[in-house]
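For reference, the structure discussed in these notes is given below.
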Amino acid sequence: MPVVCSCTNIFSHYPKQMIHSVNLLMSMYLNELNEPQKQAVTHIDGPMMIIAGAGSGKTKVITTRIAHLMASGVDAFQILALTFTNKAAAEMKERIEKILGGTDARNLYIGTFHSVFARILRAEAPRLGYPSSFTIYDADDAKSVLKTIVKEMNLDDKHYKPNIVLNRISLAKNALVGPDEYLTDAILQQDDAKSQRPEIGNIYKAYAQRCFKNGAMDFDDLLFKMYELLTGFPDALAKYQRKFRYIMIDEYQDTNTAQYEIIKLLGAMHENLCVVGDDAQSIYSFRGATIENILQFQRDYEDVKVVKLEQNYRSTQTILNVANQVIDNNRDQIKKKLFTDNHEGEKIRLIRSMTDNDEGRVVADMIQELKLRNHHFNKDFAILYRTNAQSRSFEESLRRMGIAYRIYGGMSFYQRKEIKDFIAYLRIIVNPADEEALKRIINYPVRGIGKTTIDKLVLLANETERSSWEILCNAAYHGFRGNTLQCIDEFVTMVKMFQSELTKKNAYDLAVIVGKSTGIVKELFNDKTTEGLARYENVQELLNSIKEFIETPMNEEDGEVGDKSLSTYLQQIVLLTDTDNDDQHEADTVKLMTIHAAKGLEFPVVFIGGLEETLFPSNMSINSREDLEEERRLFYVAITRAKTRLFITFANSRYRFGQLQQNEPSRFLEEIDDVYLDKSFAGSTSRNNNGWMQSSAHDRMRRGFGSMSNAPATPKKTYTTPLAKPQTKEHVPSENFEASNTADLKEGQTVEHMKFGFGTITRLEGAAHNPIATIIFQQNGEKKIMLNYAKLRIVENQ
DNA sequence: GATTATATGGTTTTT
DNA sequence: CCATATAATC
């Protein structure tokens, strides 16, 4: 090999004969950068802050900089890069690998705050009194613990709702306030007293104790305990300071106090800290993030190099102008001048519709049209919205049009009941103290350990300061008798068997044994309902995912605790989100997601839905300047996702909690100059008015049949038009359609169903309170109709 | 003790 | 509208 140093592989994709010297080599990838980008990449030692505007090539800069560090002789093992999502981490890894062409990138420590800290905490757990196989509680587990604590403390669960309490505790942890400090902090106590919830501090304390007893940490603990580790154990601090010589932080504007302090500690020895962020895109203050961190960064270190990336390579002039104009209404911001060399592009289209369903239909129509006229693919489109609940109307119309789509976020695969139940078994095997897992499975599948027994168990556990599991193991001693005792013993024997297999079998084989021995798989298999089938498939999918985990070659960056153990698997999946499964990411589907989930992504064509008061901005956020400005930043993020075309839509009214609610157009719309807008679809008295009225009348009728259309969605699957080939031929109800009294129905009658059309009743059955009619429809064949829900019109008596 | 009917209340946003 | 918590019934 003719070339100079160990850094050859970086340039392996360049023709060899071009390679003459290191300087020339470096200039090759540096040449692809603009001036400020180059400055950011080539700065090696000392603190640096990169203010990276939307679409300014931030990821490119970070990845190139890491490659450059390695080219300059920095050991990959000494580089730590922290991101907010697994997806961002994965993308970075991939891009660095591409630049390096070799395997060196494997040794980098790249991951989310939570997953990197979880890994470290697992290695250091004993210092903190935790088992190294500690469980990570997700929000559901945490809320469940809180619920039991509130009950045990005899507090009113109407006042102490798990969501509210957890939020409060979460904010405290993110601000590095422990239970004792919480209880003695006058202001916090005052706040809680004011909101009629004076006991939150005590709940917090009990919650922390309970989690510890259960050998569990919640999401926030992964930060909080990491901080405790670094501050409480100087040798641990020194160890990681030495290890991470170079640290990079992505999305710095979204860091909270805990993250900020941890970074500060880790970076204190070498001060090779590089933070990247954009204050205009700070959208996580509800999670404790504070823009202050960006400002404070310059105060904390001397000689901070500051680089601003202001050239946008993503969007058209028009899109950028609109974004700039909107964000300009915010008072709190670092002034930037984003510019682009891109084309002016088309105007932004503003679309008004009557209802949320119309909004969905218009967007689907528009996508169809653009596909035909401009040769777009499905994957060129994204539909973004403020709340997950908004996805439905888009989903329905895309389905009806036969357009393939994929929803990100919402309930993820691992949050489904059947999956959580199965996983609970795996959790209890690894960590028998995990009360939440035990609670889920102690009587699933039903084995005769009912409420009475469980209540007694919990009482005993609290009295004796032991875990429920320990008590179960000595059930006879603790006074359980007869059939109950037998059931308990059988359960204990089974779980102990699993535990003994833990060291002998790999995670997949063990999971298969669990599925068999518990009877879960068989039970789901025997459930032939649609939902049961979906659940069965989901469990199979889970087993597949475990297998995949086992078979994936081990990454060195998994470091000292990296292994294929069950507990590593469990740790990995709680920290995974729906958005992270990027196996489908390249699939040709329209992408639907919240704006939060869309951060960092870009799409050729973007639709932003629901630009209405009370929704966007959310009515939770209109009472303070800070909150409103965050909503505006959110809008800014949404706008800047678009590369060439942007559509903004809003509806006059939408269904909320099953009721039609009227809304004003969002105040944000007034902040956009008309010269950038195409409002031909937004007029209030346009010719389309007629069409709207008709379609919303149609909507109103369809609403009556809500029960028919919600087939359970299978996770991780792309919806390629389940309704494209409709099983039901659409029927337009007659003018005079009026539901008849179902008590008058007789066999042999001809009836009209609003959806299925005309048919003849062949059979009437079912209990009086739940009568069921079998009807042969002319268009749609035989159906069983629940008369309590369906509306039927008697056409003629036989 | 388990299965099923009824009531209630919930929508920001996420690791 | 939907999901989950409680009450009612077998």
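Letters A, B, ... are given to chains in the order of the sequence lines, protein chains preceding strands, and every chain is numbered from 1.
Using a 4.0 Å cut-off between charged nitrogen and carboxylate oxygen, D278(A) and K58(A) do not count as a salt-bridge pair. Salt bridge annotation for K143(A)-E436(A): absent, with no cationic side-chain nitrogen under 4.0 angstrom from a carboxylate oxygen.
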Close N/O contacts between protein and nucleotides 5-10 of chain C (under 3.5 Å):
| residue | atom | partner | partner atom | Å |
| --- | --- | --- | --- | --- |
| dA5(C) | OP1 | K147(A) | NZ | 3.0 |

Every protein N/O lying under 3.5 Å from an N/O of nucleotides 8-10 of chain B:
| residue | atom | partner | partner atom | Å |
| --- | --- | --- | --- | --- |
| dG10(B) | OP1 | K161(A) | NZ | 3.1 |

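With sequence neighbours left out, S115(A) forms a side chain to side chain contact (heavy atoms under 4.5 Å, CB included) with N86(A), T112(A), L575(A). Under the rule for a side chain to side chain contact (heavy atoms under 4.5 Å, CB included), the partners of R667(A) that lie at least two apart in sequence or sit in another chain are E613(A), P617(A), I622(A), L628(A). Judged as a side chain to side chain contact (heavy atoms under 4.5 Å, CB included), and not counting sequence neighbours, the contacts of A89(A) are T83(A), I110(A). Residues meeting the salt bridge (charged side-chain N to carboxylate O under 4.0 Å, His left out) test with R168(A), sequence neighbours left out: D191(A), D192(A). With sequence neighbours excluded, no residue forms a salt bridge (charged side-chain N to carboxylate O under 4.0 Å, His left out) with E435(A). Under the rule for a side-chain hydrogen bond (donor to acceptor under 3.5 Å, both in side chains), Q259(A) has no partner lying at least two apart in sequence or in another chain. Take D156(A) and apply the salt bridge (charged side-chain N to carboxylate O under 4.0 Å, His left out) test, not counting sequence neighbours, and it matches no residue. In this structure, E664(A) has no side-chain hydrogen bond (donor to acceptor under 3.5 Å, both in side chains) partners at least two apart in sequence or on a different chain. Taking K528(A) as the reference, nothing meets the salt bridge (charged side-chain N to carboxylate O under 4.0 Å, His left out) condition, with sequence neighbours excluded.
Within 4.0 Å (heavy atoms only), N388(A) reaches sugar-phosphate atoms of the nucleic acid but no base atom. As judged by a 4.0 angstrom heavy-atom cut-off over every strand, S285(A) is placed among residues making no nucleic acid contact. Using a 4.0 Å heavy-atom distance criterion, T452(A) is classed as a sugar-phosphate-only contact. At the heavy-atom level, N256(A) lies nowhere under 4.0 Å from the strands shown. Nucleic acid contact class of Y284(A) (heavy atoms, under 4.0 Å, all strands): sugar-phosphate only. Among the heavy atoms of the strands, none lies under 4.0 Å from F616(A).
Remark: F286(A), R287(A) in residues 286-294 of chain A come within less than 4.0 Å of DNA chain B through at least one heavy atom.
Within the 4.0 Å cut-off from OP1 or OP2 of dT11(B), not a single side-chain nitrogen or oxygen of N619(A) is found.
Comparing the C1' positions of dT6(C) and dT11(B) gives a spacing of 23 Å, expressed to the nearest Å.
What separates CZ of R392(A) from P of dT11(B) is a distance of 15 Å, to the nearest Å.
Listed nucleotides dA2(B), dC2(C), dT11(B) differ in distance to V446(A); the shortest reach to its side chain belongs to dA2(B).
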